[in-house]
Every structure is written in structure tokens, then in C-alpha cells.
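Letters A, B, ... are given to chains in the order of the sequence lines, protein chains preceding strands, and every chain is numbered from 1. The figures here come from the full heavy-atom set of this structure, side chains too, leaving out hydrogens, waters and symmetry mates.
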Amino acid sequence: MKVLMSGNEAIARGAYEDGVAFASAYPGTPSTEIIEAFSKYDGVYSEWAPNEKVALEVGIGAALAGARALVVMKHVGVNVAADPLFTVSYTGTEGGLVIISADDPSMHSSQNEQDNRNYARAAKIPMLEPSDSSEAKEYIKIAFRLSEEFDTPVFLRTTTRLAHSKSVVDLEEPKRHVGKREFRYDPSKYVMVPAKARERRIEVERRMERLREFAETFPQNRMEIRDTRVGIITAGMPYNYAKDVFPDYSYLKLGMVHPLPSGLIREFASQVKKIYVVEELDPIIEEQIRAMGIEVIGKEAFPYTGEFDPGIIEAGITGAKTEREVLLDRLLPQRPPNLCPGCPHRGLFYVLGKLKVFVTGDIGCYTLSFMKPLEGLHSCVCMGASVGMAHGMDKVLGEQGKVVGVLGDSTFIHSGITPLLNMAYNKSNAVIVICDNRTTAMTGMQEHPATGFTLQGEATKALDFVKLAQALGIENIQVIDPFDIKDTRRVIKEELSRKGPSLVISRAPCALLAVKQKMDRRAPLRVDPDKCIGCKACLGLGCPPISWQRFEDMDTQTEKKTKKQEGIARIDSTICNGCTLCQQLCGAGAIVEVTGDE
Amino acid sequence: MNKTVTSVLMVGVGGQGIIRASDILSAVMMEAGFDVKKSEVHGMAQRGGCVSSYVRFGEKVYSPLARKGDVDLLVSFEKLETLRYLDCLKADGEVIVNDEEIYPPSVNLGEEPYPDDAISFIKKFFTDVTVIDATEIALSSGDRRMANTVILGVLSSHLDIDKKVWETVLEKSFPPKLLEGNKQAFERGRGV
């Protein structure tokens, strides 16, 4: 049966068809949907891990016990998992072990644009890269076969465009694969002390040699010889962009991006006159081909940064300008993403923005509050970084500056616990706030160890942040409701003035989670134009339903309350969530509930 | 250049049902026997930001993204967003615009005006422009959230696909209790 599937859904389907029965992941765009789709198939086991390092270690264990194990993460997640990654390359596993690295050219939803093909080279792990959903389903199966045949972990690299674009996939019946399901003692293979690691290190090079030979005849490294004046060497999604504009040129499409088939590349080079290497981000294929002494055109024609599209390939090869500049002359109001109406982060960051403290942040919806008008967050490096950074700043600034570190409930669990322990151990004076919205909101509401539910929705132990912090040695701990602005301000100020490290847990469910769980809806609000004095206090929240209306743009006459008043605020009640933050800020009592008949 | 592929670009603001509409359009094209590729933006863009989704169909489609200036049909769910993507259209491309205004933060704060000449600006460069009030039509069909189905109805009258194919896909796309309303919304859009 043919169906339309995203790259992520196709990977999940392929793993299921291939008898993969074990998967672990930490959510991260653009990889999240893989495990969500996989978990819905019959007879499989999958789980959310607290972070990518744990996900990989769990996967290694599952594969050592003989199962085919799938481990999924976004590109920056591989940084977190890098420690076990580089050594499992030495040990190999019993069952197949495949790691999905979902890269994000153009940083649609990421803090950097790293090219994880570099990891394949650095850790000496083979890497496959599909170019559409159908290949994604096929390649995940090949990846497991390679892992088992060569006793190596295997990378499958995707990019956002592959992960989130849909194309036609032919569904097949699942195969049953049980694996050995037993453990085997083999210290020389699995205990990586120097003496044993030195032996395995040599084995890794032998394996790479065998993989290079294999790559020469690997059918997914394929030549398409047509017009021989131009040959394009490419892999993954950029293959499609090039074929879209130049269907008649010759191609060497690489299904395996590490290691490269040097013999095949030489053969291709001998058949075409001029060679372009078309690859997003780093010139990884290009530099290796140049090192073989073959002349190619690469990054001098195509950009290092951002994802490609057919127009970029065309411009790189023909120099054609496709942009219709006349239409771009116009400056348009930008439309950045914003915190939702009723978001629990808004009240907290409104307070932080007003307090004149440096707020170190990390990765989550709340990162958006760095923008106007909240401006309540001043750094974002990686998950959990806010805690260590707040401590470092506090040690240097001492009495001269107040520092607050913020992070989410899921990112606290991901990598905030160890740096919080460090704050107790090294006598910090910074304040840490966990924005505890009871879910992993930004990636689409995944469960985590503090929600009390597993990936499958089964009840389980829920981490207690207060008890955990106490055990780490934090003595100043308070729980606040961020929808209460006054109390939030009082508590943060109180903790800033205290000696020793403080932890504030700002707890209220994500507005989308509240909808999903059908919690009671609060009455939406509206502005009474007869009472609004035009002070703009409510606009300081940057809440989507609240807008400013100038008198001169209004059809109806509204009485000015002061000489200087220029307009009134307006609330679009159809999207207001009734959280009351604006009502708390309104000194004129102009914000009122919408009653039933309005 | 690949002349045998048709490109539709749907744009608007997170929450307007653009992804759902582009899923339905893709299913229609597959049902009609075409190769289809569809692409969209996920993640942070969901939170009130711009959303765009390409649907490309034809005998054989390679790229899920169209070259700039290669889009046949721009379907915009929000007026201002139309302007942001105009340079993606072919010179003789068609535009369908929903006459809805959703203010971005800078307009809400009173720092920038919402462009009041969007439609006339579009008409300066393109001749085939259809302006509809999909929200109003959806409301008259019972629910403003069906605006995306109204827009699909309008789009269907711009594409040479048998109406039966659309109906088959709509029936598969909605649960029974929502189907009648959506069929009606689709019909009203198609009649525009």
C-alpha cells in the first residue's frame, strides 16, 4: 500500500518492519516524531530518556543484550551523547545499534547549525543519508544490517527538510527479528581500559578499511550518467534540489556519506568533464575528494550556511539570479513566534525583565521572552547552561550584580541537576528558577521523569524537585504561582537578597497542556473602553490578544481620560485565555471578564 | 527546468490550520494519481510565527521545495503573510488571499502599522488575485475553525482535479460529526 509519510514517520515504519523492538530518545526538533510514531506499533518497546547520553547508553545496553536498538536525537543531542558514542565505536555491540542524528540546516528550531557528518568521521562510525521518505524507510533497515555485519554502531543522518517533508512510501509487512536476547562475557571487547582499548582501536581501523571496500559496491552509492559535460556529486536532500533544476546532468548520489567510495568517485570523475559537489553546511565530501587530487567546484559556488533549495543550486551553477527584488524592497512587520495567550512563563519573565538582574537562560519556549517587550532573558547557550553560567557570573560579580538562572522542568532534568549540585557544593549566591510547566512543551508536550507518566502514558514515579534540591544541599526553596505577579516579584526579590543558593519552582501547567487535558477554562477578558486610560501597562506583557488602538484610527468616539491619552488597549476575547496577568497590571480597573451574552 | 511539476505554497500564521489543509491537498493529488512531495515548517514556528507549506505534484517530483519564482499558486491564509512570500510566485502565478488580519507583536504594541494596502500591492504585480473572507464563510457554515476548508474549496476551483476526488479525500479526513460542516464549508469556498 502506498501512503504519504514524513521522513520521521518513514524511519519509524522502517524500524518496525525490520523487527526493531527497542528505542530510546530525548525529544528534539526535528527528530521528535520518530519515537512518537514508533511507539504506536505493536510489539515494540520505547522510552523517553532524561537526556541523549542516557538514551544512547540505554541503547548500547539493549544492543549488548542482543536486541536491535534505535537511539534518536537532534544534532546538538549528539554532543550530549558524545562520551559513550566515541567508545561504543570501539566496542561494537551484539545486536544492531543505529543512532539517528537529525541536523537542522538554517536552524529552524536550534541554537546552532553543526554538521554531524563530522561526528561520523571523528568517531569512525559509518553514516547513511536518505533523500526522501521512501529511502528513509529503506536506509534504516540497511543501517541495522551494516551494524550487525560490521559490528559497529551506524549513524542515519536526517535534516529538518527530510524529517518534516512528506513523500510517497510503499508499506511492507513487518519481519520478526528477535535477536539472541542473552549476554555474553567478553572483557577484551567490552571493558575499555587502555590495554583493551588499544587492541580495539586497531580493530576500528580494520573495520573502516572493510567499510571503505564495501562502499565501492554499495548499491545506494549510485552513478546516473547522462549529459557528461557536468557531473554532480551529492547526497541526501540536496540531490532533489539539484535534480529539480538540472534533471539532465550526470550524478553520483551517495547513500553513504561516511566512509566515501574513492574508487567510485574516481570512476565518476573520469566520465564527466566538470564536477560540482553539492552539500549543505561543511565541505566534508568536497575536501575528501580534493584530497584525492580530483578538481571539483564546491563551496566557491554554494554557501556554507543555511539549507539549500533548487534556486541556490541553479544560482551556484549558472549564476542566474532568481530573486525578484522589486517584491522584496518592502519592509514588512516581522512575525516572530511568541508565547501563547495564557502561557505561564509570561508572568515570571515580566517580573524578571523589570528586576534589573542578569537572567541566564537555556532552551525552551521561555527563550522567546528575550524579545520585546518582556526582555526577561539574557543568554541562551544550551540545555542546562543557565545554572552553571549563573553560578560563574555570581562568583565573579559578587555583591555588584544579581544573577538569576532559568530553565525548564524537562531541561532541568536533562542537564540542570549536576550544576545545581555544584552551586550547593561551591557556595553560590545565585537564584535558579525552574519554569515547571509540567511537560516538554516546545517539542509538543512529551512526558518526562517529573510528569509521572511514561511515553506510553502509564503512571510511574514522579521526580519531586523540592526533595531533590534538598538532597543536593539547597536550603532556600520556594514554589510560586507565576500567574500571581505580586507574589512572584516578592519571592524572587526575597531569594535574591538571601545568602546561599536558592531554588524557585515556578509551577503552572503549559497553556496547551491545559487545553489538551481539558482543565477548567477561565473566562476571557475584555477592555472597557470607558475606563481604559491608555497607560499601556498591559501591553508590556506582549500577550497576543492585547493590542493598541490609536484614537485617530478608530471609527467610534471614545472619551479621553487625560489630555495626553492617545488611544486605548484592546483585547481580542476570542483568543484570550483569561489568565488575568493584564488585569493585575491594570491600575484603572478597565480589564473585565467577558460575560455570557457578550 | 522541471516544467511538469505544479507548486502550491500555503502560508499564514501558526494555528490557522495550514498544515492540515496542505495534508488534505497532498492526499487529493495522490488520490488523483500524481507523485507528491510536501514540505512544512515545524517547531518554534508554531507559536504564533509564520507557517508555510509547499505542496508539489506531477509525474515525478524530486524537490519538496520550489525554486523562488517557481510557485504556480500562492494560497495565503493571512493578508500580511501574502506579501512576505510574493517573490516565490511565477510572474503569471495565481494568488488566493484570505482577507484576515492577524497582528504581529510590533503592530499590537503600536510600533508599526499593519499594511493597509496589501491587496492593491499584490494586484500591482499579479493579475489573477482572488480575495475571500474565509472566516466569515466558515462562521456561516457553523465554525470559524473551518476557514481552512473554505480556502481548500476556493483552491479546488483553481486546480483541474475531479470534484469527486476532493470529496473522497474530505470523507477520509474528517470524523463523521465534523464532515457535514466541512463539506458545506468546502462547497461555499468552491462557489466563490
Side-chain angles (χ1 to χ4, degrees), chain A residues 2-4 29-30 33 108-110 132 160-161 163-168 237 239-245 247 309-311 314 322-328 330 332-340 365 368 371-373 442-444 536 539 542-550 566-567 574, chain B residues 1-2 5 13-15 22-23 26-27 29-30 35-50 54-56 60-70 78 80-81 83-89 91 102-115 121 125 144:
Chain A
K2 285 190 191 306
V3 294
L4 270 180
T29 311
E33 300 86 357
H108 294 283
S109 193
S110 302
D132 60 21
T160 303
R161 197 55 64 183
H164 287 168
S165 65
K166 291 190 178 176
S167 55
V168 182
M237 191 50 86
Y239 166 76
N240 297 312
Y241 303 149
K243 283 290 274 193
D244 192 74
V245 279
D309 64 27
E314 185 188 39
T322 55
E323 286 190 5
R324 299 168 55 197
E325 275 145 22
V326 59
L327 297 174
L328 293 173
R330 241 191 117 133
L332 298 171
Q334 293 300 300
R335 195 187 293 278
N338 191 2
L339 299 175
C340 302
C365 295
L368 298 171
M371 287 182 290
K372 274 185 177 174
M442 200 166 84
T443 43
K536 295 191 177 177
L539 288 167
C543 189
I546 310 177
S547 61
W548 179 246
Q549 276 193 308
R550 293 184 304 173
E566 290 171 345
T574 62
Chain B
M1 199 58 47
N2 200 332
V5 174
V13 179
S22 65
D23 274 335
S26 304
M29 292 309 161
M30 207 178 143
D35 185 21
V36 183
K37 278 192 180 167
K38 176 199 132 126
S39 183
E40 66 203 31
V41 183
H42 267 218
M44 265 192 153
Q46 282 184 327
R47 282 164 231 302
C50 311
Y54 282 93
V55 177
R56 307 191 76 211
K60 165 78 189 162
V61 182
Y62 283 104
S63 172
L65 290 177
R67 199 182 63 122
K68 262 207 177 125
D70 226 7
E78 202 273 349
L80 162 61
E81 291 311 306
L83 304 183
R84 218 183 291 286
Y85 296 90
L86 274 186
D87 64 320
C88 295
L89 263 172
I102 299 173
Y103 290 170
S106 60
V107 175
N108 265 346
L109 293 172
E111 289 169 355
E112 276 179 287
Y114 187 95
F121 185 81
F125 297 97
R144 60 183 286 139

* **B:Ser106, part contacting chain A, at a heavy-atom distance under 4.5 Å** =>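 It is the side chain, since no backbone atom gets that close.
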* Asked: So, the side chain of A:Arg335 versus the backbone of B:Glu81: is there a donor-acceptor pair under 3.5 Å, distance only?
  -> no
* List the atom of A:Ser547, the atom of B:Tyr103, and the distance in Å for their closest heavy-atom pair. => CB-CD1, 4.3 Å
Using heavy-atom distances under 4.5 Å, tell me whether [X] contacts chain B through its side chain, its backbone, both, or neither.
X	value
A:Met371	neither
A:Ile546	backbone
A:Glu566	neither

* Asked: Should we say atom CD of B:Glu111 is surrounded by more than 12 heavy atoms from elsewhere, each under 6.0 Å from it?
  ->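 Correct, the count exceeds 12.
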* Can you name the side chain to side chain donor-acceptor pair (under 3.5 Å) partners of B:Ser22, sequence neighbours left out? -> B:Lys38, B:Ser53
* Enter the distance from B:Met30:CE to A:Lys2:NZ here, rounded to the nearest 0.5 Å. =>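 One gets 7.5 Å once the value is rounded to the nearest 0.5 Å.
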* To do: To the nearest 0.5 Å, tell me how far B:Asn108 CG sits from A:Cys543 SG.
  => 9.0 Å
* Asked: Hey, which of A:Ser167, A:Pro544, A:Pro333 has the most heavy atom pairs under 4.5 Å with chain B?
  ->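 Of the candidates given, the most pairs with chain B belong to A:Pro333.
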* Most heavy-atom pairs under 4.5 angstrom with chain B, which of A:Val168, A:Leu4, A:Asp132, A:Val3? ->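 Of the options given, most contacts go to A:Leu4.
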* Output all residues satisfying side chain to side chain contact (heavy atoms under 4.5 Å, CB included) with A:Pro310, sequence neighbours left out; order by chain, then residue number. =>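 Per chain and number, A:Pro310 pairs via side chain to side chain contact (heavy atoms under 4.5 Å, CB included) with A:Tyr241, A:Asp244, A:Val245, B:Ser63, B:Leu65, B:Arg67.
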* Is there a side-chain contact between B:Ser39 and A:Arg161, using heavy atoms and a 4.5 Å cut-off? ->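 SC-SC contact between B:Ser39 and A:Arg161 confirmed.
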* Structure fact -> Residue from B:Val107, B:Asp35, B:Val55, B:Ile102 scoring the most non-hydrogen pairs under 4.5 Å with chain A is B:Ile102
